[in-house]
Amino acid sequence: KEPQARKRLPVIPQGIERTRYFLAIDEISRDLGKENVEINDKPLEDGTWSVSGLFSPRNGSVVTNHPKPAPNTHDGMAIVDEEELVASAVIYPGSTEDVQKVVHWANKYLIPVHPISMGRNFGYGGAAPRVRGAVVLDLGRRMNKILDINPDDCTCLVEPGVSYYALYEEVQTRGYKNLWIDVPDLGGGSVLGNALDRGVGYTPYGDHWSTHSGLEVVTPTGEIVRTGMGALPGNNTWQVFPYGYGPFLDGIFSQSNYGIVTKMGLGLMPNPGGHDSFLYTFKKEEDLEQLVEIVRPLRIAMILENAANIRHALQILALSGKPRSTFYDGGGPFPTEKMHEYLRQHPYGECTWLYYGTCYGPKEVRRLKLDIINREFMKVPGARRINPAQLPSTDYFWSRDRISSGEPDLEELSWVNWWPNGGHVAFSPVAPTRGADALRLWQMAKEHWAKFGLDFFFDFVVGLRELHLIVECVYDRNNPMQRADALSAMRSLIQEAAEKGYGEYRTHLLLSDQVAGTYSWNDNALMKLNEKLKDCLDPNGILAPGRSGVWPARYRGRGWEI
Ligand code: ADP
């Protein structure tokens, strides 16, 4: 006989009586099928971010389902107790009409619903709802069709459950050699979900939101809307012209809680006819300033064609996948001397910053660009070009090379193993691509690193004109002190950055009120407009309350904002 699975008492969303909640669950189970509604009463399992070892596009064996996938009921990398941000149930709609039914149901019972695509929003809250006990609407499980790939227009139309791996695989299976996809650092997530959250990738098509064309959306009151050319019956332009006619509404559905996106169109990059990835190292901390000044004009002119990636070398130690304790067993911030000690034995040699980049096009075209880049980068005293041919096939460089040429990969998160049971949270401020700003952000983050004693991994990413500093803070999920310190460090960084005029482009769901609060120009005029829109589109406040700091009237001023 099978041992009985242990059970948890499911949480109930605030504001609905327990028996009424279960009546509501019975009703939606009848409507959508019992198998498509799960009460969250099992022990919470954290799953894994990794499917490594199972996937190898190069030798053609592809497995996209991991036996222990990332959880859809909570954040598998929780920075507070997992039970704080946990779903009461998960619903699996199979169609846009199912989503519409769920929305009508949520309005009838005033149950908050939190839509996810695949719920792998690692470092920003994963699948967790902001409101404890909200029902997670897991769109990805059943709505995972690639509805179209057009090799002539270089476009696709996808549902929420299409991962980068699945899209890549399909492009290869159909033999579309002229098409590339753009992938973010981790290929396991949803193409649609990442674009909605304004995630980025590393080919010239890396700004995912900017490459989208056309959405299908279920509004919080249950209307189904198509944006752009999709509103024109019989059109054949939905994926080639994003704007259609009239107000361009797509923006209000990104990083928002104004609608549930059930389809998205995206442009795909034509195969450029070859690529070369390159790596430079820079010796001193202060080199950052000169390097960023060199990067700006090259990036804006597209000589540097993909997102610039300037990383602090400590991450190289962590990317080995080995825990921190193999390098250093003491407390406090990781000693710089230990980092240099390790790098002296590494093919990269002793350095503080690394630049990973890629050039595209036929060989002669690449040569021209690589020569200009080399000439400019070598102006920094002590700069070195690393010869990729001398790097072993296991070197992290090749993971960057895959990602920058549109091949999904998962190696990036190996740095989470820095601590046992590693989790991570990110501080992601935006600055102009100027040396002085980069240095100021670096100094500020470094002071926090020293003060909180938790190691940070730094990545300065230049999209085009702007620079995003991504500070990843890794903590042991089983260590409440470390989790609390990580959260405090993030809060302090957000505040200090805002005082200096820097704001975040994306944040963890527990920090979204704080970040939204920093965008306060003219007596919080932007948030007032956001709230007006929220109350108009979602009068019952059922859709993802609190997402991006936007609370509906029913919740506002009742202690939810933190
Ligand atoms: P990924 O699958 O890339 O990991 P998630 O599913 O975690 O992305 O989505 C990131 C965030 O975007 C979610 O937390 C949710 O707030 C929002 N989101 C994702 N998919 C949708 C959708 N289809 N409609 C509306 N919001 C969504």
Side-chain angles (χ1 to χ4, degrees), residues 47-49 51 64 69-77 85 87 90-93 95-96 98-100 102-103 106 112-131 134-145 158-167 182-201 208-209 212 215-220 224-225 227 250-264 266 408 410 413 426 506-512 537-538 542-550:
T48 177
W49 46 269
V51 293
T64 45
N72 58 8
T73 46
H74 63 287
D75 183 4
M77 294 189 175
L85 301 168
V90 183
I91 299 181
Y92 301 99
S95 64
T96 302
D98 278 359
V99 174
Q100 189 180 33
V102 174
V103 164
V113 289
H114 174 70
I116 59 166
S117 286
M118 296 178 75
R120 295 172 67 93
N121 206 12
F122 300 136
Y124 296 114
R130 175 65 179 80
V131 166
V135 169
V136 163
L137 196 54
D138 184 338
L139 300 150
R141 177 76 64 94
R142 296 170 69 211
M143 296 173 71
N144 54 14
K145 285 188 283 304
V158 294
E159 290 190 324
V162 176
S163 69
Y164 291 96
Y165 275 107
L167 186 58
D182 185 280
V183 298
D185 290 297
L186 298 168
S190 154
V191 174
L192 181 155
N194 185 284
L196 266 191
D197 216 27
R198 302 204 286 268
V200 299
H208 294 162
W209 178 247
H212 100 276
L215 302 175
E216 181 183 86
V217 184
V218 178
T219 70
I224 302 175
V225 179
T227 66
D250 292 40
I252 68 164
F253 299 112
S254 146
Q255 284 194 5
S256 85
N257 50 12
Y258 299 152
I260 301 169
V261 179
T262 48
K263 292 183 181 67
M264 181 187 280
L266 290 134
L410 289 162
L413 264 196
R506 197 175 179 185
T507 198
H508 192 283
L509 82 172
L510 280 171
L511 301 167
S512 50
L537 294 172
D538 185 7
I542 53 106
L543 190 61
R547 161 106 166 110
S548 298
V550 180

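Counting starts at 1 for both ligands and their atoms, in listed order.
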**L137 and its side-chain contact (heavy atoms from CB on, under 4.5 Å) partner, picked from V90, I116, I260** =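 Running side-chain contact (heavy atoms from CB on, under 4.5 Å) over V90, I116, I260 with L137 returns exactly one hit, I260.
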**Asked** Which of these, N72, D138, D98, sits in a side chain to side chain donor-acceptor pair (under 3.5 Å) with Y92?
**Response**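 Among the candidates, only N72 passes.
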**Item:** Residues Q255 and R198: side-chain donor-acceptor under 3.5 angstrom
**Value:**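 A donor-acceptor contact under 3.5 Å links the two side chains.
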Closest protein heavy atom to [atom], given as residue, atom name and distance to 0.1 Å:
| atom | answer |
| --- | --- |
| atom 20 (N) of ligand 1 | S117 OG, 2.7 Å |
| atom 21 (C) of ligand 1 | L196 CD1, 3.5 Å |
| atom 24 (N) of ligand 1 | V261 N, 2.9 Å |
| atom 10 (C) of ligand 1 | N121 ND2, 3.5 Å |
| atom 2 (O) of ligand 1 | M118 N, 3.0 Å |
| atom 17 (C) of ligand 1 | R547 NH2, 3.6 Å |
| atom 25 (C) of ligand 1 | G259 O, 3.4 Å |

**Message:** Judged on heavy-atom distance to atom 1 (P) of ligand 1, which of A195, A127, S190 sits nearest?
**Reply:**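 That would be S190.
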**Request:** Check each of P115, G193, S254 against atom 18 (N) of ligand 1 and report the one with the nearest heavy atom.
**Result:**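 Considering heavy atoms of P115, G193, S254, the nearest to atom 18 (N) of ligand 1 sits in P115.
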Restricting to non-hydrogen atoms, name the atom on [X] and the atom on [Y] that form the minimum distance, rounded to 0.1 Å.
| X | Y | value |
| --- | --- | --- |
| A128 | H114 | O-NE2, 3.3 Å |
| V113 | V102 | CG1-CG1, 4.3 Å |
| L266 | H208 | CD2-O, 3.9 Å |

Just which atoms of ligand 1 are under 4.0 Å from any heavy atom in [X]?
| X | result |
| --- | --- |
| I260 | 24 (N), 25 (C) |
| R120 | 1 (P), 2 (O), 4 (O), 7 (O) |
| L192 | 23 (N) |
| N194 | 3 (O) |
| G119 | 2 (O), 4 (O), 5 (P), 6 (O), 7 (O) |
| L139 | 22 (C), 23 (N) |

**Asked** Side chain, backbone, both or neither: which part of L509 comes within less than 4.0 Å of ligand 1 when only heavy atoms are counted?
**Response**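 Neither part.
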**Prompt:** What part of N257 sits under 4.0 Å from ligand 1 if we count only heavy atoms: the side chain, the backbone, both or neither?
**Reply:**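 It is neither; nothing of N257 touches ligand 1.
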**Asked** Sequence neighbours excluded, which residues qualify as side chain to side chain contact (heavy atoms under 4.5 Å, CB included) partners of S512?
**Response**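 S512: side chain to side chain contact (heavy atoms under 4.5 Å, CB included) contacts with T507.
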**Message:** I'd like to check T96 versus M143 (side-chain heavy atoms, cut-off strictly below 4.5 Å). Are they in contact?
**Reply:**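 Counting from C-beta outward, T96 and M143 do come under 4.5 Å.
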**Message:** Any non-hydrogen side-chain atom of S95 less than 4.5 Å from a side-chain atom of T262?
**Reply:**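 Result no, sub-4.5 Å side-chain heavy-atom pair not found.
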**Message:** Go through it in stages, so that I can follow the logic: the residues are N121 and D197, the test is side chain to side chain donor-acceptor pair (under 3.5 Å), and I'd like the CA-CA distance, side-chain angles, deciding distance and then a yes or no.
**Reply:** CA-CA 9 Å; N121 206 12; D197 216 27; 3.2 Å; yes
**Asked** Just by modelled atom types, is the L192 backbone N or O under 3.5 Å from a matching donor or acceptor in the S190 side chain?
**Response**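 It does hold such a pair.
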